[in-house]
Amino acid sequence: METRLLGKTGLEVSVLSFGCGAVGGLMVKGAAADQERAVARAMEFGINYFDTAPLYGNGESERNLGRVLKALKRSKVYVGTKVQLEGTGDIGKFIADSMETSLRRLGQESVDLYQLHNPISDTYRDGAIDPKTVREQVLPAFERLREQGKARFFGFTALGDTQAIHSVLDHFDSAQVSYNLLNPSAGTTLPSGYPAQNYGNLIARAHASRVGTIGIRVLAGGALSGVETRHPLGMQSVDPIGSASSYAGDVARAVRFGEIIKRGFAQSLVEASIRYVLSNQNLTTTLVGLSTLDQLEHAGQSARKGPLSGEALKLISTIQQGFAGEAR
């Protein structure tokens with residue numbers, strides 16, 4: 001599988017990465033044997049970055065990933081986890097304590113990438129952190145972890161308010177960016193009236209600053225499968241991020257990309273979705289969340305096919321332009 005440099009870190013990361021989150025659910029609620037088989041198969045594909053967080057299953061994702069990597073005698077893979085701040089107490093202590101708990105669950109002495117999980121916003125809502133707090137409290141706490149040898153590099157989840165996200169971007173080694181067929185604004189310029197949050201070409205901006213980018217929501221929480229039904233292991237209710245106002249709305253728009261399959265540019269919406277984001281050479285990697293081994297197999301085979309053709313990308317742009325002016 002193709003690899004790309006994660007910004008200035010020097011890490012060569014596979015273009016497809018393994019998401020251990022609760023949306024897919026495999027690494028949270030799946031059977032232990034299935035988890036081990038999935039991680040082993042991912043490694044066979046050449047996937048070398050595994051992303052987890054304390055929030056996923058209240059620590060279960062970290063525990064399970066740590067157990068599996070130990071069983072497989074982990075080698076040449078990178079592990080990232082996160083911290084989600086709560087309240088307004090001692091932020092430095094909270095981050096240090098969260099790191100210790102994560103390392104204990106993972107069974108590791110350090111992680112390759114440690115990431116702030118809170119949205120970034122100047123308005124105090126939905127657990128958001130303002131840029132000033134990021135600069136003055138979060139980043140110094142992260143640097144102490146580096147000095148202690150507990151984390152090599154630091155990133156953040158680039159959700160929240162666009163201006164606030166851009167204002168802290170250069171302070172991090174990586175950013176997790178919401179980027180998909182339904183809302184490609186992190187990687188392109190959209191027409192006025194497009195019914196989604198405008199992330200302001202964040203991927204190009206990050207690339208220019210040598211900040212690595214990790215795509216999230218490549219399937220819009222599952223909506224880009226084109227169906228509303230959910231796998232039993234996955235989250236049964238998924239709120240959109242930066243796209244339509246409802247999951248059903250995302251699915252309704254997703255099916256309009258069926259023309260890509262009809263014209264033979266891809267064999268499924270999932271394949272088209274993965275290959276679309278990988279077509280952006282400035283995006284380092286994209287996470288894919290999983291419920292089953294079959295989903296991993298399909299995602300891995302899709303990534304191996306490489307970027308979509310120029311003709312396919314033109315068709316996608318035309319379909320996206322058609323969303324302009326619609327209600328969100």
Side-chain angles (χ1 to χ4, degrees), residues 6-11 13 17-22 27-28 49-70 74 77-122 124-160 164-165 167-177 211-214 216 287:
L6 185 68
K8 55 184 173 290
T9 67
L11 302 183
V13 179
S17 293
F18 194 111
C20 302
M27 295 302 292
V28 175
Y49 175 63
F50 295 81
D51 187 272
T52 183
L55 187 66
Y56 304 153
N58 193 28
E60 284 304 301
S61 173
E62 289 182 321
R63 292 187 191 95
N64 291 329
L65 179 61
R67 170 183 49 77
V68 169
L69 291 177
K70 181 179 179 181
R74 168 201 169 183
V77 299
Y78 303 120
V79 174
T81 191
K82 309 178 187 76
V83 57
Q84 179 146 338
L85 302 178
E86 300 172 3
T88 57
D90 187 332
I91 287 177
K93 184 178 186 305
F94 187 97
I95 289 173
D97 290 346
S98 184
M99 171 61 98
E100 290 302 321
T101 303
S102 289
L103 292 177
R104 188 164 56 249
R105 290 182 186 129
L106 287 164
Q108 299 183 182
E109 294 181 355
S110 66
V111 293
D112 299 289
L113 185 62
Y114 199 53
Q115 301 155 103
L116 178 65
H117 211 171
N118 301 71
I120 311 298
S121 173
D122 285 305
Y124 297 92
R125 57 179 174 78
D126 301 328
I129 302 296
D130 64 278
K132 184 173 184 288
T133 300
V134 171
R135 290 189 295 268
E136 295 182 359
Q137 298 188 59
V138 174
L139 290 167
F142 278 4
E143 192 55 43
R144 287 193 290 273
L145 295 177
R146 193 200 311 268
E147 292 168 356
Q148 295 164 9
K150 294 176 181 178
R152 297 172 66 189
F153 303 105
F154 300 101
F156 76 112
T157 301
L159 299 177
I165 292 167
S167 75
V168 301
L169 179 68
D170 292 347
H171 295 288
F172 290 93
D173 298 308
S174 69
Q176 293 208 346
V177 180
V211 175
T213 43
I214 300 170
I216 59 174
L287 293 171

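The first residue in the sequence is number 1, and the count goes up from there.
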Kindly indicate whether the side chain of [X], heavy atoms from C-beta on, has any atom under 4.5 Å from the side chain of [Y].
X: S174; Y: L113; answer: yes
X: I214; Y: L6; answer: yes
X: V138; Y: H171; answer: no
X: F156; Y: N118; answer: no
X: S167; Y: R135; answer: yes
X: V134; Y: L139; answer: yes
X: Q137; Y: I95; answer: no
X: Y114; Y: T81; answer: yes

So that I can tick it off, tell me whether [Y] and [X] are bridged by a salt bridge, with the cut-off set at under 4.0 angstrom between side-chain N and carboxylate O.
X: R146; Y: E143; answer: yes
X: K82; Y: D51; answer: yes
X: K150; Y: E100; answer: yes

Next item on the list: Under the side-chain contact (heavy atoms from CB on, under 4.5 Å) rule, what do K8 and D173 come out as? Steps first, then yes or no, please.
Entry: CA-CA 7 Å; K8 55 184 173 290; D173 298 308; 3.8 Å; yes
From [X] atom [atom1] to [Y] atom [atom2], the distance as rounded to the nearest 0.5 Å:
X: L116; Y: T157; atom1: CG; atom2: OG1; result: 7.0 Å
X: L65; Y: R105; atom1: CG; atom2: CZ; result: 12.5 Å
X: Q176; Y: S17; atom1: CD; atom2: OG; result: 9.5 Å
X: Q84; Y: I129; atom1: CD; atom2: CD1; result: 8.5 Å

[X] and [Y]: which non-hydrogen atoms are nearest, and at how many Å?
X: A175; Y: V211; result: N-CG1, 4.1 Å
X: P131; Y: S121; result: CD-O, 4.0 Å
X: A141; Y: G92; result: CB-CA, 3.9 Å
X: I165; Y: G160; result: CD1-N, 3.8 Å
X: N64; Y: V28; result: ND2-O, 3.7 Å
X: S102; Y: P54; result: OG-CG, 3.5 Å

Checklist line | Heavy atoms from other residues, nucleotides or ligands near CG of N58 exceed 12 (cutoff 6.0 Å) | finding: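 For N58, atom CG is not crowded (no more than 12 foreign heavy atoms under 6.0 Å).
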Next item on the list: Carefully, step by step, assess L106 and T52 under the rule side-chain contact (heavy atoms from CB on, under 4.5 Å).
Entry: CA-CA 10 Å; L106 287 164; T52 183; 4.2 Å; yes
Note to self: Test your reading of the model: is there a side-chain donor-acceptor pair from S61 to the backbone of C20, 3.5 Å cut-off?
What the structure shows: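 Yes: the side chain of S61 pairs with the backbone of C20.
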Notebook entry, point to check: Okay, side chain of D112, backbone of V79: is any donor-acceptor separation there less than 3.5 Å?
Noted result: yes
Next item on the list: Evaluate the ring planes of F172 and F142, with Trp represented by its six-membered ring, and classify them as parallel (under 30°), tilted (30 to 60°) or perpendicular (over 60°).
Entry: perpendicular
Notebook entry, point to check: side-chain contact (heavy atoms from CB on, under 4.5 Å) between V83 and F94: does it pass, once the steps are laid out?
Noted result: CA-CA 9 Å; V83 57; F94 187 97; 3.9 Å; yes
Next item on the list: Compute the centroid of each ring, for F50 and then for F18, and state whether the two points are separated by less than 6.0 Å.
Entry: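 Aromatic pair counts; centres sit under 6.0 Å.
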